[in-house]
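Shown next, in structure tokens, is the structure this report addresses.
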Amino acid sequence: MDQEYTVRRGNTAVHATSRLSLDGVADLQPEFTAAGMRQEAISGLGEGGVEVHTADIGGLRLERELYTEPEPPGRTAVRLCLHNERDTDVPVDMMTPLWAGPDGVDLDGRPAGDWILVRQPRYKNDMPASVRLGSCDPGVWDAVRGTQETGGFAPAPGTGDWPRAFSSSELTLLRAGDAGMMVGLLPVDRQLVRCRLELDEERRRLESFRVDCLCDGQLLRPDGTLRSQWVVVDLNADLFAAVEAYVQALAAAAGGARPGCSDIPSRPLVWCSWYYYANAFTQAEAEANLEALERQPLPFDVFQLDECWDLAFGDWYPNADWPDLPGFAARCRAAGYIPGLWTCGFLVEPRARTGFHHPEWLLRRRSGERVQFNMAGMSNHVLDTTHPGALEFIEQLYRRLTREYGFTYHKVDFTRAVVYDPEAVFHDRTMNRAQAYRAGIEAIRRGIGVDSYLNICGGLYGPLIGIADAQRTGSDVKSIWPSLPSSEDTTDYGPFTIKQNSLRYWMNALWDNDPDALMVRRRTEPYRDQSLSLGLMNDDEALTSTLNQYIGGGLVCTTENLTEIEADRLLLLRHCAPSVGTAAVPRDLLEGGRFPAIFDTRVRPRAAGLPEWHTVGVVNWSRQNRWFPLILNAALIGAMADTAQRFLVCAFRGGWTQVLQPDDRLNIGPVPPHGCEVVKIQPFQAEQPCLVRTDGHFSMGGTEVTTWNPVSGGVRLTVEWPWPVPLTLFVRPPAGRTFIGQDEKDTLAVEVPEYSSGLQLELAYR
């Protein structure tokens, strides 16, 4: 009998078994026997050898398949396949391809309490975190905060025992010393995933580590087969490289990550109504904001109405504050903006007529009671997205909103309601929560069509690869820097929404990450008693909030009353829009700190004549000035560190410029409390003209300069600057040359007027 399998690389090893849970009987331990080898191409991983073991469980045949990748990175993957050879249905609760006991994971011989865990939970409101497992720092609670499905609600620090059980979802990282381990699931649309690590009572040794594919009691029909997802184990010590390879595998397995749409550009700039007006926004106020944009145009792509316009969740028709919703959509298009609309199409309010007329569409629990989802001050019903009638209702709803009302940007909220209750029983008993969820979102996509943009807010991540154009990366933002809780004794603290957005950086390759709205207004009195309308950040905090939009690399969004906001705050948008399209890698992710503070963005400039560069953003989470001493090497900027003998480094806020060599120390600061700085790092060739920086976008030339053509007599370039403030470019001539008009020692400052579209410049040498 071969019960255990082993994955080993260098000083890292995993010794694991597999388990199965059926019809309320948890953790059956099958006795496997070897059944042979075969070659197979696994979608997303490629061709490799697959070792097969089988077990008989009373008329059920269980296969365990162990895949080994023949070439670097040499990943291993394991999955379970359950075949029902009985003549009756079999309820399947859970499939566990990987279960390791106290000695099952070896990371450089270090005790588990010293391991760094990077946790990636399944919902936007849950807290991704990087923690040292056995620490007694307040930040360790972040690794267990969230919903019941991903670790439960943690007590406040100081009110209970320190946590020793941690849950993650599709992606989990472990690091100790020079050893690293990445665990990912492939594909991620078959079952919900729970990756659970538990320490012993002293929080020093590993108790168990397991990866569960949750089947939720779905029925396996006679002669049917149920497959878990592949559990991919990558023991590459370079965990950033392991994550990148995993994301590529996810996209390949889905047949391409982004669905794409012709009506709206990827990574759009969005104006949203929610975080100022909340659910009382009216058509008259929307008209006033459009008129403000006509007086002072800004390069928004989308004008999105949030919750405010509907009669009730489930009865999706305009209320009295929106006398002509289709007419307003047409008004948006005439003004040059794509009309966007908020819905929560899976919820049905108790007062909604839809629930009264079609009670059979509503999701129920095993007890027969209706599933309840508390949101917006109500206990809402939930549509059963496996019921044919409910699916047809959803599809027709979104077809009407798109084709008849004219909205082609859709923000769909609270979709997690379908999967929130693990006791839910679906109309189609052969489906689990992940499958039911994907079926509902597919109905929305059919309704809006391939040419519309779908932004999922408050749903699952994994099952939507290839369906969603965008997904929210964190909880709802606030326009105030949070105060340190009285129960915590620490110096670093800030908005958890920035932490959520930055730790989910890797998802931006699968869709456009949505960091939620940028709110930078100054307002000390609420508008219409809506606390959302307050704006209480100082200038440094407002700039850091703007940086959060930049490092996300996805869409950019803001909520402001355009009729009253001060220009200096509103136009902070110019520093982050348009998006550079690449999410920043939090380079201190694997250090176990509570708030990542070093963000490396690879910039691929719009101008083909410019080489790639990196920007490194730093955030000071503390209440005192701070310096950031960094080393210019691959740990900071990746592979670019090995591409040149010298680098030109310049600061966005500070304006300074330095020439450094690889492995030189880079001191950034002093950065004010809750403030930030961004530096541009580019290979330096003194014999070539160089775009040093700009004072416009955080990329410092990546979006503003659209062509760059060095010629014998100087440089020809084109600038795209759609903002109502001037722009300054700083250009350095080749060694031994000087630009005409250059009055600084090393660079020429080029002033670009406001609203410069396609401006062509020629910088001539003396």
Side-chain angles (χ1 to χ4, degrees), residues 550 571 574-578 580 601-616 632 637 640 643-662 664 666 668 677-766:
Y550 172 74
L571 295 178
R574 73 190 188 278
H575 299 326
C576 61
V580 293
T601 300
R602 181 183 179 184
V603 178
R604 299 175 175 90
R606 292 175 67 184
L610 290 171
E612 289 187 359
W613 63 78
H614 284 232
T615 63
V616 174
L632 205 165
I637 58 173
M640 196 185 78
T643 63
Q645 295 181 347
R646 293 192 298 169
F647 292 90
L648 186 66
V649 183
C650 57
F652 185 80
R653 296 185 72 179
W656 49 260
T657 301
Q658 301 178 29
V659 177
L660 299 178
Q661 296 179 355
D664 279 352
L666 171 62
I668 302 175
E677 176 63 286
V678 182
V679 297
K680 178 181 180 181
I681 304 174
Q682 58 182 317
F684 180 56
Q685 294 179 320
E687 67 276 9
Q688 297 292 329
C690 174
L691 175 62
V692 178
R693 65 181 178 91
T694 78
D695 65 354
H697 196 272
F698 279 138
S699 68
M700 288 177 267
T703 66
E704 308 96 309
V705 178
T706 57
T707 67
W708 177 269
N709 183 24
V711 294
S712 59
V715 179
R716 295 171 183 160
L717 65 151
T718 308
V719 177
E720 190 71 29
W721 186 245
W723 300 97
V725 288
L727 169 73
T728 304
L729 310 176
F730 298 90
V731 184
R732 185 172 184 142
R737 303 298 300 268
T738 305
F739 287 117
I740 295 174
Q742 182 177 332
D743 56 6
E744 294 187 33
K745 181 178 180 181
D746 296 321
T747 62
L748 171 66
V750 182
E751 298 297 328
V752 175
E754 62 184 41
Y755 290 129
S756 292
S757 178
L759 177 66
Q760 296 182 356
L761 300 173
E762 184 163 352
L763 311 180
Y765 302 134
R766 285 198 177 100

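Everything numeric in this text was worked out from a predicted model, so none of it was measured.
Remark: the backbone N or O of Thr718 is paired with a side-chain donor or acceptor of Thr707 at under 3.5 angstrom. For the pair Trp708 (side chain) and Pro611 (backbone), a donor-acceptor distance under 3.5 Å is absent. Under the 3.5 Å distance criterion, the side-chain polar atoms of Glu677 are left unmatched by any main-chain donor or acceptor of Ala651. Gln682 contributes a side-chain N or O that, together with a main-chain N or O of Leu691, makes up a donor-acceptor pair within less than 3.5 Å. Judged purely by atom type and a 3.5 angstrom limit, Arg606 uses its side chain to pair as donor or acceptor with the backbone of Thr703.
A distance of 4.5 Å separates CD of Glu762 from CZ of Arg716, quoted to the nearest 0.5 Å. Here Tyr755 contributes atom OH and Trp723 contributes atom CH2; the two are 9.0 Å apart, rounded to the nearest 0.5 Å. Annotation: the span from Cys690 atom SG to Leu648 atom CG amounts to 5.0 Å, rounded to 0.5 Å. For the atom pair Glu720 CD and Ser756 OG, the distance stands at 9.0 Å (nearest 0.5 Å). Atom-to-atom distance recorded for Lys680:NZ and Phe647:CZ is 13.5 Å, nearest 0.5 angstrom. Atoms OG1 and CG, from Thr728 and Asp695 in turn, are 4.0 Å apart once rounded to the nearest 0.5 Å.
When all heavy atoms are compared, the tightest approach of Pro733 to Gln742 is CG-OE1, 3.5 Å. Val692 and Cys650 make their closest contact through O-SG, 3.2 Å (heavy atoms, listed as atom of the first residue, atom of the second, distance). In plain terms, the two heavy atoms of Phe652 and His697 that are nearest each other are CE1-O, 3.4 Å. Of all heavy-atom pairs between Arg646 and Ala686, the closest is NH2-CB, 3.8 Å. Heavy atoms only, all atoms of each residue included: Met700 and Thr615 are closest at CE-CG2, 4.5 Å. For the residue pair Arg766 and Arg737, the shortest heavy atom distance occurs at O-NH2, 3.8 Å.
Phe684 is linked by a ring-ring contact (aromatic ring centres under 6.0 Å, His included) to nothing, counting only residues two or more places apart in sequence or in another chain. Residues forming a side-chain hydrogen bond (donor to acceptor under 3.5 Å, both in side chains) with His614 (at least two apart in sequence, or on another chain): Asp600. By the side-chain hydrogen bond (donor to acceptor under 3.5 Å, both in side chains) test, Glu754 pairs with no residue at all, sequence neighbours left out.
In this structure, the side chains of Trp613 and Pro605 come closer than 4.5 Å at one or more pairs of heavy atoms. Under the 4.5 Å side-chain criterion, counting only non-hydrogen atoms from C-beta, Leu666 is not in contact with Val616. Looking only at side-chain heavy atoms (C-beta outward), Pro724 and Leu571 come within less than 4.5 Å of each other. No side-chain heavy atom of Pro726 sits under 4.5 Å from any side-chain heavy atom of Pro753. Annotation: side chain of Val679 is in contact with side chain of Trp656 (closest heavy-atom distance under 4.5 Å).
Under a cut-off of 6.0 angstrom, the local environment of CD in Gln645 is sparse, with at most 12 non-hydrogen atoms contributed by other residues, nucleotides or ligands.
Between His575 and Phe698, the ring-plane angle classifies as tilted under the 30° and 60° cut-offs.
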> Going through the checks in order, is the side chain to side chain contact (heavy atoms under 4.5 Å, CB included) test met by Tyr550 and Ser699?
Replying inline: CA-CA 9 Å; Tyr550 172 74; Ser699 68; 3.8 Å; yes
> Given Leu761 and Val752, is the side chain to side chain contact (heavy atoms under 4.5 Å, CB included) satisfied, shown in steps?
Replying inline: CA-CA 9 Å; Leu761 300 173; Val752 175; 4.3 Å; yes
> Thr657 and Thr747: side chain to side chain contact (heavy atoms under 4.5 Å, CB included), yes or no, with the steps?
Replying inline: CA-CA 10 Å; Thr657 301; Thr747 62; 6.0 Å; no
> Does the pair Val719 and Val750 meet the rule for a side chain to side chain contact (heavy atoms under 4.5 Å, CB included), with working shown?
Replying inline: CA-CA 11 Å; Val719 177; Val750 182; over 6 Å; no
